[in-house]
**Q** 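Dropping a structure here in structure tokens format, bear with me for questions.
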Amino acid sequence: MKIATWNINGVRARLDGAAAWLKDANADILCLQELKCEDAAFPGEAFADLGYNVATRGQKGFNGVAILSKLPLEDVSRHLSDDDGNDQARFIDAVVSVAGGALRVASLYCPNGNPTGSDRFDYKLAWMERLQAYAAAHLAAEEAFVLAGDFNIIPEPEDARFPDNWTGDALFQPESRAVFRRLVNLGLTDAIRAVEATAGSYTFWDYQAGAWQKNNGIRIDHVLLSPLAADRLTDAAIDKRTREWEKPSDHVPVVVDLAF
DNA sequence: ATGGCTGCAGGATGCAGA
């Protein structure tokens, strides 16, 4: 089973590219972030025509997450724990049936948090704490699950081409790195780090200042696996090809293969 | 380069992104 995550930076602006990528990659499940549209404006029919079931949590103008799946999506939830229902559209999860049981898949768009020291930064850390509680609860239930998305955190210096450029940024603050570390240390597996030497492996290159041409990238899109999911991990890769496409997203897909 | 693009809302520029 091939599961991918992709911050597409506007699903309507990127529809052709998303469809082309799905046909080529033949992903079973694709978690999308930064839809930048309300649910009613989500181009669901285009994905249905490609054979995907669709679950979305949209928001006008920015944020927005979705799960596309060839398998039926069950038990869809659009809110993190303690979410009052009026929160930003950054979380959706669902369950699919797999051989021997069920697999929960969450599509996450963690807050950016800039500028450091602002309310936005506090919100970022608080949101990550809620995500940690979510992960802990599902670990306690011994579920097989996948946290896939744009975490907006550079975990280690090797996850940036020029780490010194990011020392003042919310994505690379000690507090941001620490909350990510605590999440992983609950017992999750960073799929990319598990299968390759991650130095030089990036998932985001800014549109500005020729960042792509200079390979001035960062690794901020991650797939974290619970132990029962990690047991099934056979491959993980970053698909840099899309960054060369016409009108690309500034993020590229991350893909994992699980032997279900 | 002190954010140098990009998408979106709205109908000009401002906001958000990372």
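The chains referred to below are lettered A, B, ... by the order of the sequence lines, with proteins before strands, and numbering in each begins at 1.
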**Q** Indicate yes or no: does A:K124 engage A:E129 in a salt bridge with an N to O separation below 4.0 Å.
**A**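 Here A:K124 does not pair with A:E129 in a salt bridge, since their nearest N and O are not under 4.0 Å apart.
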**Q** Rounded to whole angstrom, note down the P distance from B:dG10 over to B:dA16.
**A**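 Here B:dG10 and B:dA16 have their P atoms 14 Å from each other.
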**Q** Tell me if the centroids of the rings in A:W21 and A:W245 come within less than 6.0 Å of each other.
**A**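 A:W21 vs A:W245: aromatic centres not under 6.0 Å.
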**Q** Charged N to carboxylate O below 4.0 Å: is that the case for A:R78 and A:D93?
**A**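 Between A:D93 and A:R78 there is no salt bridge, as every charged N stays at least 4.0 Å from the carboxylate O atoms.
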**Q** Distance between the P atoms of B:dA1 and B:dA12, in whole angstroms?
**A**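 Straight-line distance between the two P atoms is 35 Å.
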**Q** Counting the benzene-type ring for Trp, do A:F42 and A:F47 have ring centres under 6.0 Å apart?
**A**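 Yes: the rings meet the under 6.0 Å criterion.
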**Q** So what does A:N216 hit on the nucleic acid, given a heavy-atom distance under 4.0 Å: a base, only sugar-phosphate, or nothing?
**A**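 Result for A:N216 = nothing.
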**Q** Are any side-chain N or O atoms of A:S226 and backbone N or O atoms of A:F145, one a donor and one an acceptor, separated by less than 3.5 Å?
**A**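 Yes: the side chain of A:S226 pairs with the backbone of A:F145.
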**Q** Under 4.0 Å between any heavy atoms, over every strand shown, what does A:A209 touch: base, sugar-phosphate, or nothing? Just pick one.
**A**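 It contacts base atoms.
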**Q** Among residues 249-256 of chain A, which ones have heavy-atom contacts with DNA chain B below 4.0 Å?
**A**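 Output list: A:H251.
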**Q** Which nucleotide of DNA chain B is the first, and which the last, in the 5' to 3' direction, to come under 4.0 Å of a heavy atom belonging to chain A?
**A**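 With heavy atoms of chain A under 4.0 Å away, the range is B:dG3 to B:dA18.
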**Q** Can a side-chain donor-acceptor contact be found between A:E34 and A:N7 if the only test is distance below 3.5 angstrom?
**A**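 Short answer, yes.
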**Q** Which part of the nucleic acid, if any, lies within contact of A:D150, taking any heavy atom under 4.0 Å across all strands shown: a base, the sugar-phosphate backbone alone, or nothing?
**A**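 Sugar-phosphate contact only - A:D150 comes under 4.0 Å of backbone atoms but never of a base.
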**Q** Quick check: closest heavy atoms across A:T5 and A:V223, and the distance to 0.1 Å?
**A**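 Scanning both residues, the minimum pair turns out to be CG2-CG2, 3.9 Å.
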**Q** Rounded to whole angstrom, note down the P distance from B:dT13 over to B:dT2.
**A**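 Nearest-Å result for B:dT13 against B:dT2 at atom P: 26 Å.
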**Q** Nearest heavy atom decides the nucleotide; on that basis, is A:D206 or A:G113 closer to the 5' end of DNA chain B?
**A**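 Looking at DNA chain B, the more 5' nearest nucleotide goes with A:D206.
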**Q** Given the C1' atoms of B:dG7 and B:dA18, what is the spacing between them in whole Å?
**A**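 Roughly 15 Å separates the two C1' atoms.
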**Q** What nucleic acid atoms does A:F172 come within less than 4.0 Å of, heavy atoms only: base, sugar-phosphate, or nothing?
**A**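 Nothing, no nucleic acid heavy atom in range.
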**Q** Does the distance from a Lys or Arg side-chain N to an Asp or Glu carboxylate O, for A:K214 and A:D206, drop under 4.0 Å?
**A**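 Looking at A:K214 and A:D206, the cut-off is not met.
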**Q** For the ring-ring contact (aromatic ring centres under 6.0 Å, His included) test, which of A:W127, A:Y109, A:Y134 pairs with A:F91?
**A**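 By the ring-ring contact (aromatic ring centres under 6.0 Å, His included) criterion, A:F91 pairs with just one of A:W127, A:Y109, A:Y134: A:Y134.
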**Q** Return the 5'-most residue of the pair A:D169, A:P111 with respect to DNA chain B, ranking by each residue's nearest nucleotide.
**A**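 Its nearest nucleotide being more 5', the pick is A:D169.
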**Q** Taking any heavy-atom pair under 4.0 Å as a contact, classify A:R90: base, sugar-phosphate, or nothing.
**A**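 Touches sugar-phosphate only.
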